[in-house]
Amino acid sequence: MVPLRSVVLAGGGTGGHIYPLLAFADALRRHFPEVRITTLGSPKGMENDLIPPAGYDLRVIPAFQLPRAINLNLLRTPDRMYKSAHAAGKILDEVQADVVVGFGGYVSVPAYLAAWRRELPIVIHEVNVPPGVANRMGMKFTKNIAVGFPSQPVAAESLRDARVVGVPLRTAIARMDRAALRPQALQHFGLRPDLPVLFVSGGSSGARTINLAVAEAAKRITHAGIQVLHVQGGRNDPFEVPSDLPVPYVVVPYLSDMQLGYAAADLMLCRGGAITVAETTAIGMPAIYVPYPHSNQEQKRNALPVVESGGGLLVDNSELTPEWIERTVIPLARDPQRLAAMGRAAGAYGRRDGDEALLDFVCEAVAGR
Ligand SMILES: CC(=O)N[C@H]1[C@@H](OP(=O)(O)OP(=O)(O)OC[C@H]2O[C@@H](n3ccc(=O)[nH]c3=O)[C@H](O)[C@@H]2O)O[C@H](CO)[C@@H](O)[C@@H]1O
């Protein structure tokens, strides 16, 4: 492995871009304890909440918005972009970066531009189909593209030559032993060990439709002897859950220790964000995916291969009603054998070594510069 001395990581916006960045930073530190790690973020993204507490240097550069489509106007609206790229470039020079690794989100673009102008190696990690706008721009500057899932190069022409490395996952999740952590997790949330737990999460920003449908079905779910651990999502309005339920229904705004939620759960009801899918499959968690209906169906594409391999179920956002939950979720949550089979199928699809595989790829890119 080529020793790395200074690495700049760019990515921001939502948790889906930031958690893989952090997991990769941890792998870098494990292999190269002396490496200098600098992260680039934008002023308002979730990176400001997530990166400094994880112990990494976050440099904020001026924000600029990208249009949803790539066109020549981008190159003619350079004022803000150049300002951001200039700021990114100053940081690359200051830390004498060996390589820029980008995970997507608007902030990656100035980092790619600045690295390209300095002829520094650029590595892009992409988890969605179609690739996000920022990474698609970055692909004009590098051939070093890594992806999270084997389905991506098949589905997208621009990813045809990409290396499948998996998704870097936080160590607490990638290395977790669900059964061993379960007693501590149940105690942490005040859940009972003798009844199944449905874990509800709408991704890093929460999902209003899921919140409302599950809260409305609260009585039916809990009267069927199923407990609920419901992550509301920091950016969502609180919803009403009846107070006179027969078994615990625990609502939390956001979970920093997501592994505790996974350990407590028997079944998950969630969006199909790429990192969520990477995590549920890595740990063999049976899940019902409710893909976000916009954004080019990217979440449906993320979840479909898992569902087709028997690791979960898929339901359209518009079909997630309290009645659907009663008909489908309740019987499944009470069927340990079916859950175990689903969990095994999910686990066969997932992988836990994305951080190491991406690190190998980055080292190769630096060696071949
Ligand atoms: C609406 C939208 O455009 N969503 C996109 C966004 O999703 P989003 O930002 O929701 O990302 P993902 O679902 O991929 O990942 C969510 C991450 O947040 C973590 N988490 C979540 C809740 C919580 O309480 N605590 C916590 O730690 C999860 O463990 C996971 O690591 O980025 C993904 C990756 O680019 C895309 O595939 C999604 O389509």
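Ligands are counted one by one from 1 in listed order, and the atoms in each one are counted from 1 as well. For the numbers below, each heavy atom of this structure counts, side chains included, while hydrogens, waters and symmetry mates do not. Remember, it's a predicted structure, so these values are computed and weren't measured experimentally.
- Listed by number with element, the atoms of ligand 1 under 4.0 angstrom from any heavy atom of Val231 are 24 (O).
- Checked by atom type, the side-chain pair Thr276/Tyr289 shows no donor-acceptor distance below 3.5 Å.
- If you look at Leu255 next to ligand 1, the close heavy atoms, those under 4.0 Å, come from the backbone and the side chain alike.
- Dense packing is recorded around CH2 of Trp324, with more than 12 heavy atoms of other residues, nucleotides or ligands lying under 6.0 Å away.
- The nearest protein atom to atom 20 (N) of ligand 1, hydrogens excluded, is given as Tyr254 OH, 3.7 Å; this is a heavy-atom distance.
- Within the 3.5 Å criterion, the main-chain N or O of Asp57 finds a donor-acceptor partner in the side chain of Thr39.
- Proximity to Arg170 (heavy-atom distance under 4.0 Å) selects the following atoms of ligand 1: 19 (C), 27 (O), 28 (C), 29 (O), 31 (O).
- Side chain of Arg271 to backbone of Gly202: no donor-acceptor contact under 3.5 angstrom is found.
- Ligand-side atoms of ligand 1 in range of Glu279: 28 (C), 29 (O), 30 (C), 31 (O), range being under 4.0 angstrom from any heavy atom.
- The 12-atom threshold is not exceeded at CZ of Arg334, counting heavy atoms of other residues, nucleotides or ligands nearer than 6.0 Å.
- Close contacts between ligand 1 and Tyr292 involve ligand atoms 1 (C) [criterion: under 4.0 Å to a heavy atom].
- Residue Thr14 has at least one N or O atom closer than 3.5 Å to an N or O atom of ligand 1.
- With respect to atom 19 (C) of ligand 1, the closest heavy atom belonging to the protein is Tyr19 CE1, 3.4 Å.
- Residue contact check: Val127 has heavy atoms under 4.0 Å from atoms 34 (C), 35 (O) of ligand 1.
- At the top of the distance list for atom 2 (C) of ligand 1, counting protein heavy atoms only, stands Gln299 NE2, 3.9 Å.
- With Tyr262 as the aromatic partner, Arg178 does not meet the cation-pi criteria of under 6.0 angstrom to the ring centre and within 45 degrees of the ring axis.
- Taking every non-hydrogen atom of Asn302 and a distance limit under 4.0 Å, the qualifying atoms of ligand 1 come out as 37 (O).
- Between Ala274 and ligand 1, an N or O atom pair is found at a separation short of 3.5 Å.
- One finds a salt bridge joining Glu364 and Arg163 here, because a Lys/Arg side-chain nitrogen approaches an Asp/Glu carboxylate oxygen to under 4.0 Å.
- Considering backbone and side-chain atoms alike, Met258 places every N or O at 3.5 Å or more from each N or O of ligand 1.
- Within ligand 1, counting atoms from 1 as listed, the ones closer than 4.0 Å to a heavy atom of Thr276 are 12 (P), 13 (O), 14 (O), 15 (O), 16 (C).
- Remark: minimum distance from atom 11 (O) of ligand 1 to any protein heavy atom is reached at Gly16 CA, 3.3 Å.
- Here the protein heavy atom with the shortest distance to atom 22 (C) of ligand 1 is Gly203 O, 3.6 Å.
- Looking at atom 9 (O) of ligand 1, its nearest protein heavy atom turns out to be Ser204 OG, 2.7 Å.
- Judged by distance alone, with hydrogens and angles left aside, the side-chain atoms of Asp98 form a donor-acceptor pair with the main-chain N or O of Ser6 at under 3.5 Å.
- Residue Ser201 has no nitrogen or oxygen atom sitting less than 3.5 Å from a nitrogen or oxygen atom of ligand 1, judged on distance alone.
- Atoms of ligand 1 found under 4.0 Å from any heavy atom of Glu298 (numbered from 1 in listed order, with element): 5 (C), 36 (C), 37 (O), 38 (C), 39 (O).
- Under 4.0 angstrom from ligand 1, there are no non-hydrogen atoms of His294.
- Salt bridge status for Arg351 with Glu356: absent, with no side-chain N to carboxylate O gap under 4.0 Å.
- Between Gly272 and ligand 1, not a single N/O pair is under 3.5 Å apart.
- A 6.0 Å sphere centred on NE2 of His31 holds more than 12 heavy atoms belonging to other residues, nucleotides or ligands.
- Applying the 6.0 Å contact sphere to CZ of Arg5 captures no more than 12 heavy atoms from other residues, nucleotides or ligands.
- Surrounding CD of Glu323 are more than 12 heavy atoms belonging to other residues, nucleotides or ligands, all under 6.0 Å away.
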